[in-house]
Colleague: 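Here's a structure for you.
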Amino acid sequence: MKRMIVFMFKGAYNNLGRILFANERKTSIPMRNKIATGQITYPKVVNENACIGCSACANICPVDAIHMEDLEEPVEITKDYVKEKHPVFDPMKCMYCFQCHDSCPIFAFYGKPAAIHPRHVGEFDVNLAELLQQPIVMKDDKEFEAVISLLDEKARNLLKEGS
Amino acid sequence: MADTDRKDRAEVEVPMGMVHSALLEPFRIRLFVDDEVVVDAEITYDTAHRGIERIMEGMPIQKGLILTERICGICSHIHIWNGTRMVERGLGIDVPQRAHHIRVIGNELERLHSHLLYLGHAFEILGHETFSMRCFMVREPVQNILFVLSGNRVHYTIPVLGGIRPRADISHEKRQTMFSMIDKLETDLREFAARVLNDPFIVSRIKEIGYLSKEDAVKYGALGPNMRASGIDFDWRYKLPEYRDHFDFEVIVRDGGTVLDRVACRVFECLESIKIIRQALETLPDEDPTNVDFELGAMGYSTSYNEAARGEIYDSCALDEVGRIRSYINRTPSMSSLSAMEVSCIGDHLTDASITIASCDPCLTCTNRMTVVDEKKGTNYVMEPEDVLRLARRV
Amino acid sequence: MMDWIDFAITTVCIPIVAFVVSTWLPGIMRKIQARIQLRIGPPVLTPGFWAFFKFLYKERIRPVSPMPRLYHSLPVIGIFLMFFIILLTTPAWETVLTLGTLVAIAGLMKVEEMLYLFMGNLSKSILSVRMPYPDQVKGAVMKGKVRRFFEQVAVVRTFKLISIGSFPLYIGLFVPAVMYGSIGIMAVASAQGFDPATFVLRDLFSLDPLIFTVPGAIGAIAYFAGYLVILNEYPFSIMHTKADVVEGPTLEYAAWARAGYYLMREVTIFVMSSVFVTLYFGIPPMIGWALIPHIILVMLLPVGAAIVSAFTPVLTFKQVYPLSLGFSALGVIGLIVAML
Amino acid sequence: MLKEISRKNAVHIMLVYTGGCNGCDIEVVNAVMSPFYDLEQYKVMLTWNPREADILAVTGPVTRKMEPALKEIYAAIPEPKLVAAIGTCAIIGGPYANLGGDLGSSDQIVGGVNKVIPVDAYIPGCPPRPEDILQAVASVIPILAGKR
Ligand code: SF4
Ligand code: SF4
Ligand code: SF4
Ligand code: SF4
Ligand code: SF4
Ligand code: SF4
Ligand code: SF4
């Protein structure tokens with residue numbers, strides 16, 4: 001009984017504060033400001049510094065939600081491989097089947113986080129030059145061929161050499 | 001005998017759904033009432049049938065597994081995990097312990113968010129908006145942890161054959177973040193649980209209604225917390241090596257069988273889940289989380305059971321020589337728990353019936369089964385036992 | 001002659017005041033609830049004022065109802081009833097018509113409640129029986145029973161609430177009558193020291209409000225419970241509950257008719273509270289200085305209702321009956337104390 | 001004048017789930033119920049009654065069973081009204097309408113919402129985050145206000 005009364009008074013006190021002074025408010029004000037100015041952006045789906053620009057994701061996407069755009073400044077990854085394009089993702093078309101993610105060679109061949117993830121790609125660093133020197137771990141030749149056929153020609157040569 | 005008795009007493013039918021504030025998901029409830037006391041109930045759930053099992057037929061297994069996740073946005077992880085587990089069992093693929101741990105973490109986080117969602121929904125039906133909002137507030141950190149872990153709040157896509165997707169691997173920083181978020185979550189949850197279970201108004205609304213006896217729970221196949229709230233001590237987590245050998249936790253069993261027990265059961269399960277997540281994070285082995293050293297190929301019929309937030313889940317399928325799916329079957333807990341609710345809401349007030357039905361955590365997206373589509377007439381309907389019998393006789 | 005001018009001014013102005021103030025009330029209530037729920041909540045004018053005008057400007061549709069015109073006219077009747085009640089409690093009407101008795105108010109409130117019965121029976125929304133779904137080919141044991149719309153379920157509930165739920169309200173209404181031995185509203189107010197002719201703000205402190213006496217306090221609690229019932233506010237919103245009947249009798253109101261329904265509800269919140277202030281604080285609504293304390297005090301009940309409803313679930317009849325009986329019993333105790 | 005202002009200041013939103021996976025549904029409910037997001041601060045209030053609604057938020061691919069219900073509910077909303085398709089399922093039918101094995105994609109799905117009723121706003125994601133939903137809803141309100 002005594003506990004109950006103490007509890008009620010405490011509750012009344014807390015709620016008075018909430019009503020009059022908006023204490024303990026949980027609504028996110030930064031988000032409110034962002035929405036008011038229309039600044040909510042779609043989560044990042046391509047990790048630029050992990051992508052080798054091989055076009056596999058764009059080639060496999062069943063609904064054409066990805067297209068490759070030429071980079072303004074090509075990035076030299078190894079001495080004989082220059083990344084010239086990068087994937088651009090259209091969320092309106094995507095159906096989140098993960099085929100782009102699963103066929104991205106960074107994931108398919110090296111088992112590292114893929115450079116593309118249709119949800120949110122996350123923050124991670126990959127040393128591509130080093131990675132591309134590693135031998136490819138993939139037993140099944142058929143599967144290897146299937147994935148490699150998705151890549152553009154330059155990337156195909158590169159990875160075939162690497163394996 | 002009892003049936004005819006009831007039949008005479010019912011005066012009216014009150015249909016609810018498919019679009020209704022208390023149901024949320026599209027399903028149809030027909031309540032047969034005498035005055036306002038429910039005499040019989042019929043729950044039908046074919047509206048969300050999307051034919052996932054059928055479109056999976058012949059798909060490469062990796063793609064199919066991604067589709068299993070899309071069966072449901074609440075039990076998303078458990079579907080893909082159980083499917084993956086089934087294939088791994090069938091093909092004998094070794095999975096690193098680290099991957100097991102991360103999958104368990106995913107599953108327990110899912111249990112947390114599912115149970116909290118359940119509570120939020122229950123309060124919404126009780127008309128208690130404030131507490132419903134508190135529930136969602138407590139739930140918010142869980143969603144954030146999941147986002148940190150996997151990059152999405154709902155479909156995390158953690159397991160992949162042989163391990164986990166590297167996106168969901170737990171780095172050192174991630175682990176620290178998760179620890180601190182979980183500590184915060186636990187204090188909030190305990191405070192809230194104490195507040196709820198001591199609120200006289202709420203308890204007066206949910207005690208002594210929706211009684212499901214132990215016998216009925218067995219007979220109608222209630223699963224998961226619904227079954228455990230009726231006094232049946234069974235949990236797949238006791239049997240799975242992923243859990244059994246590594247974690248120390250309790251399975252909550254209560255004897256009452258009422259809505260109050262089902263709610264309380266879930267509240268306490270949440271605390272156990274937090275315990276498991278902590279242990280998993282603490283004992284996370286340091287190794288490569290994904291094993292790519294396996295070959296896909298023909299697989300005989302393989303099965304797997306697991307404990308989803310809402311009860312037992314079952315997957316089975318076979319693979320052909322190139323690893324394509326043959327006859328995937330997935331059976332989910334809501335399916336059978338719902339039929340148990342058809343009986344347990346009998347004898348309650350109409351308003352209580354909706355909380356009773358909600359108290360089994362109905363969620364329909366996995367539950368929709370056989371629909372017959374008559375292309376010529378352009379109609380479709382759900383097969384009834386009589387229809388099946390008729391067809392059988394005709395043959 | 002003076003009286004008649006006063007009468008005319010009051011008749012025009014008091015409803016306008018009631019309209020203006022009442023459109024704020026739902027917003028204030030919602031804001032309080034939102035604060036308790038630890039969020040920002042809608043701006044104060046949104047739920048009452050702007051929603052009302054928005055609905056006025058929506059496309060007029062024909063409701064699915066056996067008698068659409070009658071159905072649409074019910075909220076209008078409700079609004080007029082409420083304006084009538086508040087006017088009955090003004091001193092100006094009292095001097096001219098001398099109709100302002102507690103019996104009249106109780107009677108009009110009953111009529112107001114009855115409106116829900118008609119509404120429910122006249123509304124046939126899409127959400128239950130009319131939902132396109134092949135129920136009849138399903139396997140239920142009890143095929144072919146009478147199929148009932150949500151609204152009709154709500155009607156049954158309204159009926160139950162009228163017969164017992166709003167009892168506390170009526171007892172709360174009659175505590176002052178017993179206390180001062182008169183059913184005239186002005187008599188009750190003047191017994192508490194109010195004089196419409198000479199009232200200035202300073203007099204506020206020389207009043208002797210009923211609510212500060214023991215029977216008055218008890219009666220006020222009973223009145224408050226009845227107030228929640230008549231507003232269908234949580235915890236007594238069983239005829240309006242989202243858990244099964246969604247919005248009950250008012251489901252089919254759209255466009256201007258829904259605006260009308262909104263206004264009816266808002267005005268009910270205001271008027272019921274205004275009657276309370278008149279009876280328990282002895283300050284009736286009138287064009288003059290008394291209006292200021294009156295309107296401030298009118299906020300009391302809605303604010304109380306908002307706080308209570310933020311902390312209670314909807315109760316079923318299992319709880320409503322005993323609670324309502326309890327409050328009635330409390331009210332009766334108040335009556336007895338008042339008689340002593 | 002009053003018309004536009006009032007429409008901008010009070011909006012009612014109704015949710016219909018047409019057979020999605022729950023993911024979108026929950027994120028919408030999150031946007032409405034969670035105090036962290038709080039839809040009501042943008043003057044948008046939740047309703048379950050089509051007669052009261054201005055915006056119809058649809059999640060999930062439209063299944064055959066839900067098609068007639070969705071049409072009727074849309075018809076029950078008085079003008080002006082908007083439809084928001086939430087999630088990739090509601091936009092293009094999601095994986096159910098676009099993926100398939102031997103038997104092709106699902107024949108139980110009519111497709112995206114725009115195959116059944118006209119759609120004014122598309123919110124991508126699987127599921128969209130609550131903040132995406134909030135921003136989209138907040139940004140369609142002026143369209144609603146501008147309607148006849
Ligand atoms: S990769 Fe396959 S699915 Fe995609 S466009 Fe080419 S043929 Fe079609
Ligand atoms: S996840 Fe989206 S972008 Fe990637 S392949 Fe599938 S549809 Fe295309
Ligand atoms: S498949 Fe991966 S590496 Fe290749 S372009 Fe796409 S994101 Fe970049
Ligand atoms: S029964 Fe459920 S899980 Fe199976 S295809 Fe139908 S909707 Fe999907
Ligand atoms: S009863 Fe249901 S779960 Fe069992 S086999 Fe048939 S469809 Fe599958
Ligand atoms: S039981 Fe089915 S619908 Fe419910 S959460 Fe689990 S998978 Fe989803
Ligand atoms: S878009 Fe994704 S989350 Fe939404 S209903 Fe479809 S599958 Fe579920």
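Every chain is numbered from 1 and lettered A, B, ... according to where its sequence line falls, protein lines coming before strand lines.
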Colleague: Minimum heavy-atom separation for B:Leu350 to C:Asp244, with atom names?
Modeller: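 Reported closest heavy-atom pair: C-OD2, 3.6 Å.
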Colleague: What's the shortest heavy-atom distance between B:Phe201 and C:Pro313, and which atoms?
Modeller: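 Taking every non-hydrogen atom into account, CB-CD, 3.5 Å.
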Colleague: Which atoms form the tightest heavy-atom contact between B:Arg205 and C:Leu315, and what is the distance?
Modeller: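 Answer, listing the atom of B:Arg205 first, then C:Leu315: CD-CA, 4.2 Å.
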Colleague: Counting neighbours of CD on C:Glu59 that are heavy atoms of other residues, nucleotides or ligands and sit closer than 6.0 Å, is the number greater than 12?
Modeller: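 Enclosed: over 12 neighbouring heavy atoms sit under 6.0 Å from CD of C:Glu59.
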Colleague: For chain B, which residues from residues 302-312 of chain C lie under 4.5 Å away (heavy-atom distances)?
Modeller: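 Residues in range: C:Ala310, C:Phe311, C:Thr312.
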Colleague: Do the charged groups of B:Asp35 and C:Lys160 touch, with an N to O distance under 4.0 Å?
Modeller: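 Salt bridge flag = yes for C:Lys160 with B:Asp35.
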Colleague: Among all residues two or more places apart in sequence or in another chain, which pass the ring pair (Phe, Tyr, Trp, His ring centres under 6.0 Å) test with C:Phe49?
Modeller: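 For C:Phe49, the residues satisfying ring pair (Phe, Tyr, Trp, His ring centres under 6.0 Å) (neighbours in sequence not counted) are C:Phe53.
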Colleague: Pair C:Phe317, B:Thr351 - check side-chain contact (heavy atoms from CB on, under 4.5 Å), show working.
Modeller: CA-CA 9 Å; C:Phe317 284 109; B:Thr351 311; over 6 Å; no
Colleague: Heavy-atom pairs under 4.5 Å with chain B are the metric here; pick the option from C:Pro132, C:Pro235, C:Ser128 that has the most.
Modeller: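 Heavy-atom pair counts peak at C:Ser128.
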Colleague: If you count heavy-atom pairs under 4.5 Å between each of C:Ile36, C:Thr241, C:Ile126 and chain B, which one has the most?
Modeller: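 Of C:Ile36, C:Thr241, C:Ile126, C:Ile36 has the most heavy-atom pairs under 4.5 Å with chain B.
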Colleague: Are C:Lys242 and B:Glu124 close enough for a salt bridge, meaning some N to O gap below 4.0 Å?
Modeller: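 Judged by the 4.0 Å cut-off on N to carboxylate O distance, C:Lys242 and B:Glu124 do form a salt bridge.
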Colleague: Heavy-atom pairs under 4.5 Å with chain B - which of C:Arg39, C:Arg147, C:Gln319 has more of them than the others?
Modeller: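 Option with the top pair count is C:Arg147.
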Colleague: Counting heavy-atom pairs under 4.5 Å to chain C, which of B:Met137, B:Arg134, B:His128, B:Met133 comes out on top?
Modeller: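 Going by pairs under 4.5 Å, I would pick B:His128.
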Colleague: Has B:Glu13 got a side-chain atom pairing as donor or acceptor with C:Arg148's backbone, closer than 3.5 angstrom?
Modeller: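 Judged by distance alone, no pair lies under 3.5 Å.
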Colleague: Among side-chain atoms of C:Gln33 and B:Glu129, is any donor-acceptor pair under 3.5 angstrom?
Modeller: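 On atom types as modelled, these side chains do not qualify, holding no pair under 3.5 Å.
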Colleague: Going through the checks in order, is the side-chain contact (heavy atoms from CB on, under 4.5 Å) test met by B:Ile209 and C:Lys318?
Modeller: CA-CA 11 Å; B:Ile209 61 162; C:Lys318 205 163 74 192; 3.3 Å; yes
Colleague: Between C:Phe150 and B:His20, is a side-chain contact (heavy atoms from CB on, under 4.5 Å) present by the stated rule, with each step listed?
Modeller: CA-CA 11 Å; C:Phe150 287 157; B:His20 190 281; 3.3 Å; yes
Colleague: List the atom of B:His349, the atom of C:Ile238, and the distance in Å for their closest heavy-atom pair.
Modeller: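 Looking at all heavy atoms of both residues, the shortest contact is CE1-CD1, 4.0 Å.
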Colleague: Grab the two heavy atoms, one from B:Ser354 and one from C:Ala243, that are nearest each other, plus how far apart they are.
Modeller: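 What the structure gives for the nearest pair is OG-O, 3.2 Å.
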Colleague: Which heavy atom of C:Val153 sits nearest a heavy atom of B:Glu36, and at what distance?
Modeller: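 Distance-wise, the nearest heavy atoms are CG1-OE1, 4.0 Å.
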Colleague: Around atom NZ of B:Lys219, are there more than 12 heavy atoms of other residues, nucleotides or ligands at under 6.0 Å?
Modeller: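 No, because the 6.0 Å sphere around NZ of B:Lys219 holds 12 heavy atoms or fewer from other groups.
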